[in-house]
Amino acid sequence: MVNVRIYVTYKESVFDPQGDTIKNAIHALGHNEVENVKVGKFFDVVINPEKKDVETSVKEISEELLVNFNLETYRYEVLGGLD
């Protein structure tokens with residue numbers, strides 16, 4: 001089994017109102033050194049590479065379900081190898 005984390009974030013060109021709200025709250029706490037906050041989400045997925053290639057699985061899962069390509073993009077990392 002392979003443990004994969006898929007990160008989904010807004011594209012650079014998309015305004016992130018939640019990130020902006022968090023940045024304003026951080027500034028209200030006196031941390032004016034923070035320039036920007038981006039909000040995203042991640043999904044931990046366990047894939048059986050004997051059934052389907054990991055990269056193919058991640059691509060299909062992301063493109064068919066997790067990502068709205070008008071607003072978001074994704075990347076992934078392998079957290080753990082084969083058992």
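Remember, predicted model here, so these are calculated numbers, not experimental data.
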Please round to the nearest 0.5 Å and tell me the distance separating atom CG of Asn32 and atom NZ of Lys23.
-> 10.5 Å
Answer yes if Val14 and Val37 sit in the same cluster of Ile, Leu, Val, Met, Phe, Trp and Tyr residues linked by side chain heavy atoms under 4.5 Å apart, and no otherwise.
-> no
More than 12 heavy atoms of other groups within 6.0 Å of Lys11 NZ = yes
Phe15 reachable from Val34 in the ILVMFWY side-chain graph, under 4.5 Å edges | no
Just wondering, do Lys59 and Tyr74 contact through their side chains at under 4.5 Å, heavy atoms?
-> yes
In short, Met1 meets Pro49 closest at the heavy-atom pair CA-CD, 4.1 Å
Spacing of Lys38 atom NZ and Asp16 atom CG [to the nearest 0.5 Å] | 6.5 Å
Would a 4.5 Å heavy-atom cut-off, applied to side chains only, mark Thr21 and Val39 as touching?
-> no
Just wondering, are more than 12 heavy atoms of other shown residues or ligands nearer than 6.0 Å to CD in Glu55?
-> no
Of Val8, Thr9, Ile6, which is the lone residue that meets side chain to side chain contact (heavy atoms under 4.5 Å, CB included) with Lys41?
-> Val8
Residues, nucleotides or ligands: over 12 heavy atoms within 6.0 Å of Glu77 CD | yes
Mind checking whether Ile61 and Leu66 have side chains closer than 4.5 Å, heavy atoms only?
-> yes
State whether the number of non-hydrogen atoms from other residues, nucleotides or ligands found under 6.0 Å of Glu50 atom CD is greater than 12.
-> no
Transitively linked via ILVMFWY side-chain contacts under 4.5 Å: Leu65 with Val67?
-> yes
For Val4, the option from Ile47, Leu79, Asp44 that meets side chain to side chain contact (heavy atoms under 4.5 Å, CB included) = Ile47
In one Ile/Leu/Val/Met/Phe/Trp/Tyr side-chain cluster, 4.5 Å: Ile22, Tyr10 | no
Fit a plane to each ring of Tyr7 and Phe42, take the angle between them on a 0 to 90° scale, and name the class: parallel (under 30°), tilted (30 to 60°) or perpendicular (over 60°).
-> tilted
